2 protein chains.
Amino acid sequence: MEDVAARAGVSRALVSLVMRGSPKVGRERREAVLEAARELGYRPNMMARGLAAGRTGIVGVLLADLHDPWCAAVHDGLADEAPRGDVRLLVSTGRGRPARESAALDDLLDLRPDGVVLVGPRVPAADIDRAAAGCPVAVAGRSVRSGRVDCVTGDDAAAVAHAVEQLKALGHRVIACLDVGPRPSSLRRACEAAGLTTVAGADELPASATAVLALGDTTGTAALTALLRAGRRVPEDVSLVVHGDPPGALSAQVTTVAAPAAELGRLAMAALLDRIRDGVSAEPRRVTVPPRLDERATTAPVRR
Amino acid sequence: MEDVAARAGVSRALVSLVMRGSPKVGRERREAVLEAARELGYRPNMMARGLAAGRTGIVGVLLADLHDPWCAAVHDGLADEAPRGDVRLLVSTGRGRPARESAALDDLLDLRPDGVVLVGPRVPAADIDRAAAGCPVAVAGRSVRSGRVDCVTGDDAAAVAHAVEQLKALGHRVIACLDVGPRPSSLRRACEAAGLTTVAGADELPASATAVLALGDTTGTAALTALLRAGRRVPEDVSLVVHGDPPGALSAQVTTVAAPAAELGRLAMAALLDRIRDGVSAEPRRVTVPPRLDERATTAPVRR
DNA sequence: TTGAAAGCGCTAACAT
DNA sequence: ATGTTAGCGCTTTCAA
């Protein structure tokens with residue numbers, strides 16, 4: 001910094017102001033400083049800055065699983081909203097394992113971020129609450145009972161209900177639910193409540209069903225290929241709705257129903273930024289995002 | 001730190017040693033310190049530590065696109081290898097746009113990481129080289145001409161050749177290539193060299209083709225559904241090979257060919273850790289990972 | 001716009 | 001195992 005100041009013929013303090021983008025520096029000197037910095041390849045040291053300033057300008061993002069396209073979509077929303085707060089996003093992940101996720105969360109907290117967003121976390125609620133004691137925390141995609149974290153969630157029951165409603169409107173009466181792997185219990189309950197017969201394998205889909213609701217992105221792909229391979233045309237013989245944002249949903253033209261993931265991200269980041277500004281004191285927000293059904297090429301009226 | 005020391009009845013220096021996991025502290029005192037830290041909710045401040053120690057223990061990972069399952073797979077490899085170097089991974093992303101990717105890279109560099117891994121970067125080579133001037137850099141999935149970065153890449157030409165070879169061995173003579181969206185030119189050239197007819201839309205696949213090579217993960221899904229929807233059975237009528245790691249490839253049982261992405265990650269991290277140890281001086285490594293063909297349910301001998 | 005001074009929380013080197 | 005002493009690169013405050 002001293003070198004830059006010397007080269008630009010100004011004081012160290014002025015360089016500091018310029019690098020922080022302070023408005024009260026004349027354009028003449030400002031440009032001289034920026035030029036000198038560029039020539040010298042100077043970049044402010046975030047560690048030192050964070051230490052001195054007491055804030056880092058970092059928002060830590062804990063993604064449950066990098067392989068999950070839903071997490072990526074939520075991150076998009078976070079990144080869209082982040083510029084409003086002048087923060088940079090840094091991502092860490094537990095790779096689907098709760099234990100590693102705890103460690104990853106600790107790593108983030110060690111950085112003293114200005115705030116943390118947990119995306120689809122699988123860590124115990126106690127861990128989340130403890131984290132929230134030290135810095136602002138927002139959670140997307142899971143409801144956490146805590147007096148100090150903001151939660152933004154989709155409404156699984158509403159999504160299932162919405163899908164079933166739509167399929168019934170198309171005349172479908174026998175609707176099967178394909179549910180592979182671990183799913184939030186709320187989803188499972190919603191399916192039961194809607195009176196769906198649930199199967200755990202794509203090959204077990206009952207022949208009598210004229211419509212299928214697949215839970216999850218990859219499950220949807222599996223269902224589609226299994227149906228087609230079994231010689232059942234989609235949507236002529238069977239309609240398919242996928243809960244989630246299937247990778248390639250657009251190119252595959254699959255009808256989907258879900259809370260828009262990016263919207264979850266946007267709202268979570270908005271809540272977090274507010275909390276960063278207003279201090280941890282604020283009332284915790286609990287936002288529920290309604291599902292959206294994107295009708296594409298895999299749904300049609302039932303054949304008579 | 002002072003509070004912890006007081007509470008544990010030891011010196012501040014000892015607390016520092018314990019928190020860094022130094023081996024030369026008796027188990028008695030060590031546990032007293034850890035206990036006191038836990039009770040007080042003390043966590044070492046990485047900013048301060050990084051500033052004082054001159055190293056941060058952070059390896060920055062720049063992922064080209066969180067939506068790309070290939071990136072996720074590479075990250076898995078990086079994370080597998082990282083513990084060997086006692087570093088934590090922090091991810092940033094340019095969300096597919098080169099300009100943002102540059103900014104994301106700058107954000108990472110500002111943290112003064114011990115090293116940086118670029119996964120499938122789309123930034124100009126000059127940016128990469130400049131970054132490498134300041135700290136160890138490894139690149140996965142792209143070959144960069146620079147005297148100081150380690151590159152680990154797959155061999156696209158070999159992958160295409162391998163797939164074609166295998167399809168020919170199955171008796172296929174008319175092989176089409178489905179290539180949607182922007183692809184590395186090396187891949188494109190490899191396809192031409194193999195004499196494939198390339199089409200840009202899943203619906204344009206020629207009826208004469210008995211085999212299809214789809215470039216890219218989602219492209220593969222699109223190809224599969226397009227074929228099935230067109231009433232062409234897979235693999236009875238048409239064989240399908242996908243270049244990449246399709247999401248849900250296992251459940252969809254799609255035959256794939258590609259350099260194992262996780263392996264790329266592992267090798268990139270290994271190279272980076274070595275470079276971190278040995279200084280920037282070391283000869284840059286250029287590793288090429290051979291493709292692997294995973295024959296699953298979408299390929300079969302041609303029908304006579 | 002400048003200069004000086006204090007300090008952020010920690011590590012490292014040293015002598016004890 | 002302990003104290004002590006510097007100092008990492010920056011921000012902040014204050015007076016000039």
Side-chain angles (χ1 to χ4, degrees), chain A residues 1-37 40-58 86-88 106-114 134-135, chain B residues 1-37 40-58 86-88 106-114 134-135:
Chain A
M1 205 165 180
E2 196 111 22
D3 296 348
V4 173
R7 176 148 190 141
V10 301
S11 70
R12 239 185 39 140
L14 226 221
V15 175
S16 177
L17 286 178
V18 171
M19 294 319 283
R20 273 177 291 155
S22 162
K24 40 186 182 181
V25 181
R27 89 176 306 89
E28 196 111 341
R29 311 230 178 206
R30 142 169 285 110
E31 290 182 352
V33 168
L34 290 178
E35 162 104 9
L40 266 43
Y42 168 80
R43 340 210 58 220
N45 182 324
M46 292 302 296
M47 296 282 161
R49 181 191 297 226
L51 193 55
R55 64 168 296 244
T56 54
I58 291 173
D86 186 35
V87 293
R88 25 188 127 274
D106 285 343
D107 288 353
L108 283 181
L109 293 175
D110 286 349
L111 282 180
R112 298 295 190 273
D114 293 347
C135 85
Chain B
M1 204 164 180
E2 197 111 24
D3 296 348
V4 174
R7 176 145 191 142
V10 302
S11 68
R12 238 186 39 142
L14 225 219
V15 175
S16 176
L17 286 178
V18 171
M19 295 318 283
R20 274 177 290 156
S22 160
K24 39 187 183 181
V25 182
R27 88 176 307 91
E28 196 111 342
R29 311 233 177 203
R30 140 170 286 108
E31 291 182 354
V33 168
L34 291 177
E35 163 103 7
L40 266 43
Y42 168 80
R43 339 210 57 217
N45 182 324
M46 291 302 295
M47 295 283 163
R49 184 192 294 232
L51 194 56
R55 61 168 300 241
T56 54
I58 291 174
D86 185 35
V87 293
R88 24 187 128 275
D106 284 344
D107 287 354
L108 284 181
L109 293 176
D110 286 348
L111 282 179
R112 299 294 190 274
D114 293 348
C135 85

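Computed from a predicted model, the values in this text were never measured in an experiment. Throughout, protein chains are lettered first and strands after them, A, B, ... in sequence-line order, and every chain is numbered starting at 1.
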Nearest heavy atoms of [X] and [Y], plus distance in Å:
X        : Y        : result
B:Asp107 : A:Arg88  : OD1-NH1, 2.9 Å
B:Val33  : B:Val4   : O-CG1, 3.9 Å
B:Arg55  : B:Asp86  : NH2-O, 4.0 Å
B:Pro113 : B:Leu108 : CD-O, 3.1 Å

Candidates D:dA1, D:dC10, D:dC8 - which lies nearest the side chain of B:Leu51: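 Nearest to the side chain of B:Leu51 among the choices is D:dC8.
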
Does A:Arg12 contact D:dT11 through a side-chain donor or acceptor facing the base, at a distance under 3.5 Å?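 When only heavy-atom distances are counted, A:Arg12 does reach the base of D:dT11 through a donor-acceptor pair under 3.5 Å.
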
Restricting to salt bridge (charged side-chain N to carboxylate O under 4.0 Å, His left out), what partner residues turn up for B:Arg7, sequence neighbours left out?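 Expected list: B:Glu39.
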
Go through residues 16-32 of chain A and report each residue with a non-hydrogen atom lying under 4.0 Å from DNA chain D, sorted by number. A:Ser16, A:Arg20

Closer to the 5' end of DNA chain C via nearest nucleotide, is it B:Met47 or B:Gly54?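 Nearer the 5' end of the strand: B:Met47.
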
Nearest 0.5 angstrom please: A:Arg30 CZ to A:Met19 CE, how far?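 That separation rounds to 10.5 Å.
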
CE on A:Met1 to CG on A:Leu40, rounded to 0.5 Å: 13.0 Å

For B:Arg29, which residues count as a side chain to side chain contact (heavy atoms under 4.5 Å, CB included) partner, sequence neighbours excluded? B:Val10, B:Leu14, B:Val25

Please report the distance, rounded to the nearest Å, between CZ in B:Arg49 and C1' in D:dG9. 18 Å

Check nucleotides 13-16 of chain D for protein N or O atoms closer than 3.5 Å to its own N or O atoms and list the pairs.
none

Does A:Asp110 have any side chain to side chain donor-acceptor pair (under 3.5 Å) partners at least two apart in sequence or in another chain, and if so, which? B:Arg43

For A:Ser16 and A:Arg12, which I'm curious about, is there any donor-acceptor pair between the side chains at under 3.5 Å? no

Using heavy atoms to find the nearest nucleotide of DNA chain D for B:Gly9 and B:Ala53 separately, return the residue whose nucleotide is more 5′. B:Gly9

Identified side-chain contact (heavy atoms from CB on, under 4.5 Å) partner of A:Met46 from the options B:Leu109, B:Thr56, B:Leu51, B:Leu111: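 Testing A:Met46 for a side-chain contact (heavy atoms from CB on, under 4.5 Å) against B:Leu109, B:Thr56, B:Leu51, B:Leu111 leaves exactly one candidate, B:Leu111.
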
Quick one: how far along DNA chain C does chain A reach, first to last nucleotide 5' to 3', anything under 4.0 Å to a heavy atom?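 Endpoints of the contacted stretch of DNA chain C: C:dT1 to C:dG9.
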
